[in-house]
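One structure is given here, and the rest of the page talks about it.
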Amino acid sequence: MTKKIKIFAYVILYAVIMYGATFLVTNVWFKSNLIPDAYKVQEMNYVYVIAFIITLSLYFLVFKLRKKNYFEALNLSKISVKNTVQLVIIGIAMGVFTSSFMNTTLVAKSFPFFKDIVVGQVNGNKIFVISVIVVTLTVVLEEMIFRGIIFGEIRSGFSPYAAVLISALAYGIPNGFLIGYAVGLYAFVSALLYALACVYMNSTISSIIFQAVSTGVLFTSVKSGFFDRIKEFGDTTLTIAIIISFVVIIVLFIDLHKDYKKNISVRNSGKNNSILA
């Protein structure tokens, strides 16, 4: 119990550092007279990049004080080519699912701000290359924080699936409280999938690829103007796209789960053989 309390204390500390850095950078950003007002709203990803860099730098200091390996905690180990391909397909399916889901009549009317938030996150700088770099960097840094440091801390004291659930709640609840319950629910489900990918492949690289591809699909559709035309396909076509993309995600995660179980079995078998030897 003492260990779990200590883990939650560190998770709270990491959350306070991250939200504190984001709050500070946001205030400086919007109060600055050097940045045009229209640019301030359009380029919020710069705020996240700066805040996340500050956050990870402070985490490094915390790990120094704890005498723990910071880079080991980030868990940026390599993944196989097969897993990479699976993640790319899952990311594409997630991007299609999100784009289709948000453009259905029900969601568009019930949660219009949901679409505005997503579009706002990727519809900043007009220079395409700079936008790609900023959006990609935001994803990488965010995953290093949430699925690297925070999820790793939780996982050190809980079973893999309990850690996945706790970390998803820690990711979804603040989003729901600060932005809206629809966004919070979406953030919760996304975090479940990102953390599951980390468990199955034992690497934060997995969630980085997953979210980067998913965001890339949204980014491309928004930048090309296709996102605003998706609703013209009608709810029937969009529902079919939602179902197909959902099935693709589930099927591939089932395959990842089977490989994960197989790898555990092989490791356990190896341990038993070494003991007998």
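Numbers here simply count residues along the sequence, with the first being 1.
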- Query: Tell me, do Leu65 and Leu61 make a side-chain contact under 4.5 Å, heavy atoms counted?
  - Reply: no
- Note on the structure: Taken in chain and number order and not counting sequence neighbours, the residues that satisfy side-chain hydrogen bond (donor to acceptor under 3.5 Å, both in side chains) with Ser156 are none
- Interatomic distance, Leu196 atom CG to Leu165 atom CG [nearest 0.5 angstrom]: 10.0 Å
- Taking only residues two or more places apart in sequence or in another chain, which ones pass ring pair (Phe, Tyr, Trp, His ring centres under 6.0 Å) with Tyr10? none
- Message: Would you say Val85 ends up clustered with Val251 if hydrophobic residues are merged whenever their side chains have heavy atoms under 4.5 Å apart, either directly or through other cluster members?
- Response: no
- Side-chain heavy atoms of Ser207 within contact of Thr204, under 4.5 Å: yes
- In this structure, CD1 of Ile244 is separated from CD1 of Ile249 (nearest 0.5 Å) by 12.0 Å
- Message: Let me check something: do Val16 and Ile166 share a hydrophobic cluster, defined by ILVMFWY side-chain heavy atoms less than 4.5 Å apart, either directly or through other members?
- Response: no
- Could you give all pairs that pass the salt bridge (charged side-chain N to carboxylate O under 4.0 Å, His left out) test and reach residues 132-149, with sequence neighbours left out? Glu143-Arg147
- Note on the structure: Sorted by chain and number, sequence neighbours left out, ring pair (Phe, Tyr, Trp, His ring centres under 6.0 Å) with Phe52 holds for none
- Distance-only, no hydrogens or angles: does the Ser203 side chain make a donor-acceptor pair with backbone N or O of Ser77 under 3.5 Å? yes
- Message: Once rounded to the nearest 0.5 Å, what's the spacing between atom CG of Asn69 and atom CG of Asn75?
- Response: 11.0 Å
- Task: Work out which heavy atom in Ala93 is nearest to a heavy atom in Val248; give both atom names and the distance.
- Result: CB-CG1, 3.9 Å
- Query: Looking only at heavy atoms, which two atoms of Val217 and Gly91 are closest? And how far apart?
  - Reply: CG2-O, 4.4 Å
- hydrophobic_cluster_shared for Val247 and Ile89, side chain cutoff 4.5 Å: no
- Go through the structure and list residues passing side-chain contact (heavy atoms from CB on, under 4.5 Å) with Thr237, not counting sequence neighbours. Phe233
- Begin with the C-alpha distance, continue with both residues' side-chain angles, and end with the deciding distance and a verdict on side-chain contact (heavy atoms from CB on, under 4.5 Å) for Ile209 and Ile79. CA-CA 11 Å; Ile209 294 173; Ile79 61 175; 3.7 Å; yes
- Item | Ile254 with Val199, same ILVMFWY side-chain cluster at under 4.5 Å | yes
- Message: Checking Ala73 now: which residues fulfil side-chain contact (heavy atoms from CB on, under 4.5 Å) with it, not counting sequence neighbours?
- Response: Phe63, Ile149
- Please examine the side chains of Trp29 and Thr26, heavy atoms only from C-beta on, and report whether any two atoms are closer than 4.5 Å. no
- Message: What I want to check is whether the side chains of Tyr194 and Ser167 have a donor and an acceptor closer together than 3.5 Å.
- Response: no
- Task: Mind jotting down which residue pairs meet the salt bridge (charged side-chain N to carboxylate O under 4.0 Å, His left out) criterion with at least one end in residues 44-72? Sequence neighbours excluded, please.
- Result: Arg66-Glu153
- Note on the structure: Taken in chain and number order and not counting sequence neighbours, the residues that satisfy side-chain contact (heavy atoms from CB on, under 4.5 Å) with Ala187 are Tyr171, Asn175
- Message: Give me the atom names and distance for the closest heavy-atom approach of Ile145 to Leu56.
- Response: CG1-CD2, 3.7 Å
- Task: Please identify each residue that fulfils ring pair (Phe, Tyr, Trp, His ring centres under 6.0 Å) with Phe246, with sequence neighbours left out.
- Result: none
- Side-chain (Ser214) to main-chain (Phe210) donor-acceptor, under 3.5 angstrom: no
- Task: Hey, could you give me the OG1/OH distance between Thr22 and Tyr48, rounded to the nearest 0.5 Å?
- Result: 8.0 Å
- Say whether Phe177 and Met18 are linked into one hydrophobic cluster, either directly or through other cluster members, by side-chain heavy-atom distances under 4.5 angstrom. yes
- Do the side chains of Phe71 and Leu76 get nearer than 4.5 Å, heavy atoms only? no
- Item | Tyr70-Tyr59 aromatic ring centre distance below 6.0 Å | no
- Under a 4.5 Å cut-off applied to non-hydrogen side-chain atoms, are Thr138 and Thr215 in contact? no
- Task: Please report the closest heavy-atom contact between Ser190 and Met94, naming both atoms and the distance.
- Result: OG-CE, 3.5 Å
- Note on the structure: Joining Ile, Leu, Val, Met, Phe, Trp and Tyr whenever any side-chain heavy atoms lie under 4.5 Å apart, the cluster holding Val139 also takes in none
- Does the Ser245 side chain pair with the main chain of Ile242, one donor and one acceptor, at a distance under 3.5 Å? yes
- Note on the structure: Value for CE (Met144) from OG1 (Thr55), rounded to nearest 0.5 Å, stands at 11.5 Å
- side-chain contact (heavy atoms from CB on, under 4.5 Å) against Ile53, all qualifying residues, sequence neighbours excluded: Val49, Ser57, Leu141
- Item | Minimum heavy-atom distance Val213-Val88, with the two atoms named | CG1-O, 3.5 Å
- Task: Taking Ser206 for its side chain and Ala197 for its backbone only, find out whether a donor-acceptor pair lies under 3.5 Å.
- Result: yes
- Item | pair Leu13-Ile17: side-chain heavy atoms closer than 4.5 Å | yes
- Heavy-atom side-chain contact between Ile54 and Leu24 under 4.5 Å: no
- When you measure from the side chain of Thr104 to the backbone N and O of Phe101, does any donor-acceptor pair fall under 3.5 Å? yes
- Query: Within a strict 4.5 Å, meaning less than it, do heavy atoms of the Phe151 and Val164 side chains meet?
  - Reply: yes
- Does Leu218 offer a backbone N or O that forms a donor-acceptor pair with the side chain of Ser221 under 3.5 Å? yes
- Sequence-distant partners of Tyr161, ring pair (Phe, Tyr, Trp, His ring centres under 6.0 Å), two or more places apart: none
- Query: Should the pair His257 and Tyr260 be assigned to parallel (<30°), tilted (30 to 60°) or perpendicular (>60°) ring geometry?
  - Reply: tilted
- Query: Where do Leu238 and Asn103 come nearest, in terms of heavy atoms and distance?
  - Reply: CD1-O, 3.5 Å
- Message: Nearest 0.5 angstrom please: Ile154 CD1 to Phe8 CZ, how far?
- Response: 7.0 Å
